[in-house]
Amino acid sequence: MIVIFNGPPGSGKDEAAAFFKRRGMIHLSFKHYLFRETIKEFDVDTIWFMDGFNNRDLKEVPEEDLRGMSRRQAMIHTSEEVVKPKHGKSYFGDQVASQVEEDEKYVISDGGFVEEIQPLIDKVGAENMLLVQLVRDGCSYRSDSRRYFNGQLIDHFVAGGYSDLEEQYILETELPIPTYRIYNNGTLEQFHNALENIYELVIGREEDVNDS
């Protein structure tokens with residue numbers, strides 16, 4: 001079973017993945033491989049790059065060692081100008097899919113490109129996957145190249161109140177993956193309660209698949 005969290009920056013994806021990891025699920029990330037390729041492309045120190053990327057004051061600062069790009073710009077450059085032209089748009093999805101083993105439960109915190117999802121569908125089948133969209137006030141895809149997936153919406157959970165979903169940032173391609181949505185506008189406890197409901201659905205779906 002694979003759960004993929006899908007939402008704009010700041011919507012709670014990392015916290016959600018950490019919550020599922022604490023319940024025994026294995027955390028995978030498309031971005032992990034992009035970090036690896038970017039560090040290799042620019043031949044920089046891993047700790048230096050990651051410390052700066054995780055620091056909001058440094059993430060957007062141009063760096064001489066990155067050919068005058070910021071860390072975020074270097075990531076985009078590596079993805080769009082180096083990796084995808086050479087290896088194809090599915091490269092990062094292929095890397096994650098290669099880590100997936102039968103009978104394990106996985107959580108992915110950074111879904112946003114259809115080309116990365118397709119290798120996982122091919123590996124385990126859409127019936128063994130869940131998409132979870134996170135919507136939060138003040139969080140938008142306006143400055144991000146990822147987007148909301150267009151999955152098969154089944155239900156939603158409200159943690160603190162509704163938000164307007166920016167429909168212009170929903171991908172046109174329809175995915176045959178069951179999808180749930182969390183409006184994450186409340187307390188951390190409310191968010192965790194919504195995630196717990198999703199986790200119970202994961203367990204239930206896995207038992208149904210195993211019994212079929």
Side-chain angles (χ1 to χ4, degrees), residues 3-22 25-84 91-93 95-96 107-113 116-117 131-149 159-166 168-171 181-192 194-195 198:
V3 178
I4 301 175
F5 286 100
N6 171 220
S11 59
K13 298 187 298 296
D14 289 339
E15 175 62 30
F19 180 90
F20 275 39
K21 184 177 179 180
R22 290 194 294 271
M25 298 184 74
I26 300 169
H27 184 197
L28 298 176
S29 169
F30 301 116
K31 193 177 288 186
H32 167 80
Y33 297 96
L34 178 53
F35 285 135
R36 183 188 68 183
E37 295 296 332
T38 302
I39 289 165
K40 182 170 68 174
E41 168 68 16
F42 290 88
D43 191 24
V44 294
D45 180 74
T46 299
I47 295 175
W48 173 84
F49 186 89
M50 295 305 302
D51 283 351
F53 188 87
N54 293 321
N55 185 320
R56 292 189 178 185
D57 292 332
L58 295 177
K59 182 178 180 179
E60 302 294 342
V61 175
E63 299 283 357
E64 182 178 350
D65 288 344
L66 299 174
R67 303 171 204 161
M69 302 180 203
S70 69
R71 287 168 172 80
R72 186 178 69 83
Q73 290 170 332
M75 295 270 285
I76 294 172
H77 168 79
T78 302
S79 174
E80 302 305 315
E81 305 298 330
V82 179
V83 173
K84 290 180 181 179
Y91 175 78
F92 299 112
Q95 298 303 302
V96 171
V107 57
I108 297 176
S109 56
D110 55 351
F113 294 116
E116 295 175 346
I117 297 298
L131 292 176
V132 182
Q133 294 177 338
L134 300 180
V135 185
R136 190 173 188 178
D137 286 344
C139 298
S140 173
Y141 275 116
R142 282 191 293 273
S143 60
D144 196 280
S145 56
R146 296 177 185 272
R147 293 292 183 261
Y148 280 118
F149 290 128
Y162 286 95
S163 298
D164 290 330
L165 179 67
E166 297 178 305
Q168 68 268 36
Y169 297 119
I170 299 176
L171 294 169
R181 184 176 296 156
I182 298 177
Y183 293 93
N184 181 23
N185 292 307
T187 64
L188 184 60
E189 181 180 3
Q190 288 173 318
F191 186 37
H192 283 178
L195 292 171
I198 296 290

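Only this structure's heavy atoms are used, side chains among them; waters, hydrogens and symmetry mates stay out. Everything quoted here is computed from the prediction, not taken from an experiment.
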Compare every heavy atom of [Y] with every heavy atom of [X], then report the nearest pair and how far apart it is.
| X | Y | result |
| --- | --- | --- |
| Ile47 | Asp45 | N-OD2, 3.1 Å |
| Gly112 | Leu171 | O-CD1, 3.9 Å |
| Gly68 | Gln73 | O-OE1, 4.4 Å |
| Pro9 | Ser140 | CD-O, 3.7 Å |

Counting C-beta onward and ignoring hydrogens, is there a side-chain heavy-atom pair between [X] and [Y] closer than 4.5 Å?
| X | Y | value |
| --- | --- | --- |
| Thr78 | Met75 | no |
| Tyr91 | Ser79 | no |
| Leu165 | Ile170 | yes |
| Val135 | Arg181 | yes |
| Arg71 | Trp48 | yes |
| Phe5 | Phe20 | yes |

Legend entry - Test item: side-chain donor near acceptor, Ser163 and Asn185, under 3.5 Å: yes
Enter the distance from [X]:[atom1] to [Y]:[atom2] here, rounded to the nearest 0.5 Å.
| X | Y | atom1 | atom2 | result |
| --- | --- | --- | --- | --- |
| Arg36 | Phe92 | CZ | CZ | 8.5 Å |
| Asn184 | Gln133 | CG | CD | 13.5 Å |
| Leu134 | Ser109 | CG | OG | 10.5 Å |
| Glu41 | Ile39 | CD | CD1 | 12.0 Å |

Could you tell me whether the side chain of [X] and the main chain of [Y] form a donor-acceptor pair under 3.5 Å?
| X | Y | result |
| --- | --- | --- |
| Lys13 | Gly7 | yes |
| Arg146 | Tyr141 | no |
| Glu15 | Gly12 | no |
| Arg136 | Gly10 | yes |
| Asn6 | Arg147 | yes |
| Asp110 | Phe30 | yes |
| Thr38 | Leu34 | yes |

Inset, instruction - Show your reasoning for whether salt bridge (charged side-chain N to carboxylate O under 4.0 Å, His left out) applies to Glu63 and Arg72. - result: CA-CA 11 Å; Glu63 299 283 357; Arg72 186 178 69 83; over 6 Å; no
Legend entry - Intermediate values then yes/no, side chain to side chain contact (heavy atoms under 4.5 Å, CB included), Gln95 and His32: CA-CA 10 Å; Gln95 298 303 302; His32 167 80; over 6 Å; no
Take atom [atom1] of [X] as the centre, draw a 6.0 Å sphere, and report whether it contains more than 12 heavy atoms from other residues, nucleotides or ligands.
| X | atom1 | result |
| --- | --- | --- |
| Arg56 | CZ | no |
| Asn54 | CG | yes |
| Asp164 | CG | no |
| Gln168 | CD | yes |

Inset, instruction - Please say whether the positively charged group of Lys31, taken as NZ for Lys or CZ for Arg, lies over the ring of Phe53, i.e. under 6.0 angstrom from the six-membered ring centre and within 45 degrees of the axis. - result: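 Here Lys31 fails the 6.0 Å and 45° test against Phe53.
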Legend entry - Within 45° cone of Phe42 ring axis and under 6.0 Å: Arg67 NZ or CZ: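 Judged by the rule (NZ or CZ under 6.0 Å from the ring centre, within 45° of its axis), Arg67 counts as positioned above Phe42.
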Inset, instruction - For salt bridge (charged side-chain N to carboxylate O under 4.0 Å, His left out), just list the numbers for Lys84 and Glu37, CA-CA rounded to whole Å, side-chain angles, deciding distance to a tenth of an Å, and then say yes or no. - result: CA-CA 11 Å; Lys84 290 180 181 179; Glu37 295 296 332; over 6 Å; no
Legend entry - Pair Tyr183 and Tyr162, ring centroids less than 6.0 Å apart: yes
Legend entry - Ring centroid separation Phe19 to Phe191 under 6.0 Å: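 Aromatic pair excluded; centres sit 6.0 Å or further apart.
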